[in-house]
A.B. asks: 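For reference, the structure I am asking about is given below.
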Amino acid sequence: MAFSLLLIGIEAGVLPPPFIEKLRNDMGFLFRPLGRLLFVIFIAFMLFGFGTFGIVVAVLLIAQAIFNVYVIKTHPGVLETYSSAVLLDQAEAPPADDGAYSAPYEPGQPGADL
């Protein structure tokens, strides 16, 4: 149930931004179509062990995953949302180096010969 609530929260955009950033760092596959597809199929396979109701829900999840693949294949523009989010993550520049933590190289310093 926690996995489904997590996916719903990501899709609906109701999760707080710091939590979303933590999820992007820890579970980035949830923000990519192939990763999300494999995650949904994994959850569906786990549901087969929960009796008749689990089998019904698992079949519905697999059907939904197949439908997502169909939509992505027939409408490639859907991926722009995911691609732009991934590119934005990669485009973030590291903080500027103001030299506060670096010291000039001095021969004879401890560790200078490493």
Side-chain angles (χ1 to χ4, degrees):
M1 184 166 177
F3 292 131
S4 61
L5 291 175
L6 186 65
L7 287 173
I8 290 170
I10 290 171
E11 284 295 324
V14 296
L15 298 174
F19 186 69
I20 292 288
E21 288 305 315
K22 184 149 179 66
L23 281 178
R24 267 186 217 270
N25 291 335
D26 295 341
M27 296 188 288
F29 62 90
L30 289 176
F31 297 92
R32 294 180 183 86
L34 180 62
R36 188 175 293 195
L37 171 72
L38 294 175
F39 182 69
V40 168
I41 290 175
F42 171 71
I43 291 173
F45 283 144
M46 287 192 325
L47 285 172
F48 278 110
F50 286 97
T52 306
F53 180 73
I55 292 171
V56 170
V57 173
V59 168
L60 290 174
L61 265 176
I62 291 172
Q64 180 263 339
I66 292 170
F67 178 72
N68 280 347
V69 169
Y70 169 75
V71 168
I72 289 171
K73 289 293 184 184
T74 57
H75 303 287
V78 172
L79 290 178
E80 290 175 10
T81 305
Y82 290 104
S83 299
S84 64
V86 170
L87 290 176
L88 284 176
D89 287 344
Q90 294 173 352
E92 291 178 3
D97 183 20
D98 59 358
Y101 295 106
S102 62
Y105 173 73
E106 299 273 337
Q109 275 184 326
D113 57 340
L114 297 176

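Excluded from the calculations below are hydrogen atoms, water molecules and symmetry mates; all remaining heavy atoms, backbone and side chain alike, are included. Position 1 is the first residue of the sequence; numbering continues from there.
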A.B. asks: For residues Leu6 and Leu15, report the shortest heavy-atom separation together with the two atoms involved.
C.D. replies: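 Heavy atoms only, the tightest pair is O-CD1, 4.3 Å.
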A.B. asks: Quick one: do Phe29 and Leu23 end up in the same hydrophobic cluster if we chain Ile, Leu, Val, Met, Phe, Trp and Tyr together by side-chain heavy atoms under 4.5 Å apart?
C.D. replies: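 Linked within one cluster.
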A.B. asks: So, for Ala58 and Ala44, which heavy atoms are closest and what is the spacing to 0.1 Å?
C.D. replies: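 Heavy atoms only, the tightest pair is CB-O, 3.2 Å.
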A.B. asks: Atom CZ in Phe45, atom CG in Leu61: separation rounded to 0.5 Å?
C.D. replies: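 Going from CZ on Phe45 over to CG on Leu61, the span is 11.0 Å.
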A.B. asks: Using 0.5 Å steps for rounding, measure from the CZ atom of Arg24 to the CZ atom of Arg32.
C.D. replies: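 Those atoms lie 9.0 Å apart.
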A.B. asks: If hydrophobic clusters are built from ILVMFWY residues whose side chains come within less than 4.5 Å, do Tyr70 and Leu34 share one?
C.D. replies: no
A.B. asks: Going hydrophobic residue to hydrophobic residue with side-chain gaps under 4.5 angstrom, can you get from Ile8 over to Phe19?
C.D. replies: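 Per the 4.5 Å side-chain linkage, Ile8 and Phe19 are not co-clustered.
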A.B. asks: Are Val71 and Val69 joined in one hydrophobic group, where the rule is that I, L, V, M, F, W and Y side chains link up if heavy atoms are under 4.5 Å apart?
C.D. replies: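 Different clusters: Val71 never reaches Val69 through Ile, Leu, Val, Met, Phe, Trp or Tyr contacts under 4.5 Å.
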A.B. asks: Check whether more than 12 heavy atoms from other residues, nucleotides or ligands sit under 6.0 Å from atom CZ of Phe42, and answer yes or no.
C.D. replies: no
A.B. asks: Between CG of Leu37 and CD1 of Ile62, what distance do you get to the nearest 0.5 Å?
C.D. replies: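 Between Leu37 CG and Ile62 CD1, I get 10.5 Å after rounding to 0.5 Å.
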A.B. asks: First locate atom CE of Met46, then atom CD1 of Ile41, and finally report the distance between them rounded to the nearest 0.5 Å.
C.D. replies: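 So the gap between those two atoms works out to 13.0 Å.
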A.B. asks: Give a yes or no on whether Ile43 and Phe53 share a hydrophobic cluster (residues Ile, Leu, Val, Met, Phe, Trp, Tyr; joining criterion: side-chain heavy atoms under 4.5 Å apart).
C.D. replies: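 Looking at the clustering, Phe53 is in the same group as Ile43.
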A.B. asks: When you look at CZ of Phe50, are more than 12 heavy atoms from neighbouring residues, nucleotides or ligands closer to it than 6.0 Å?
C.D. replies: no
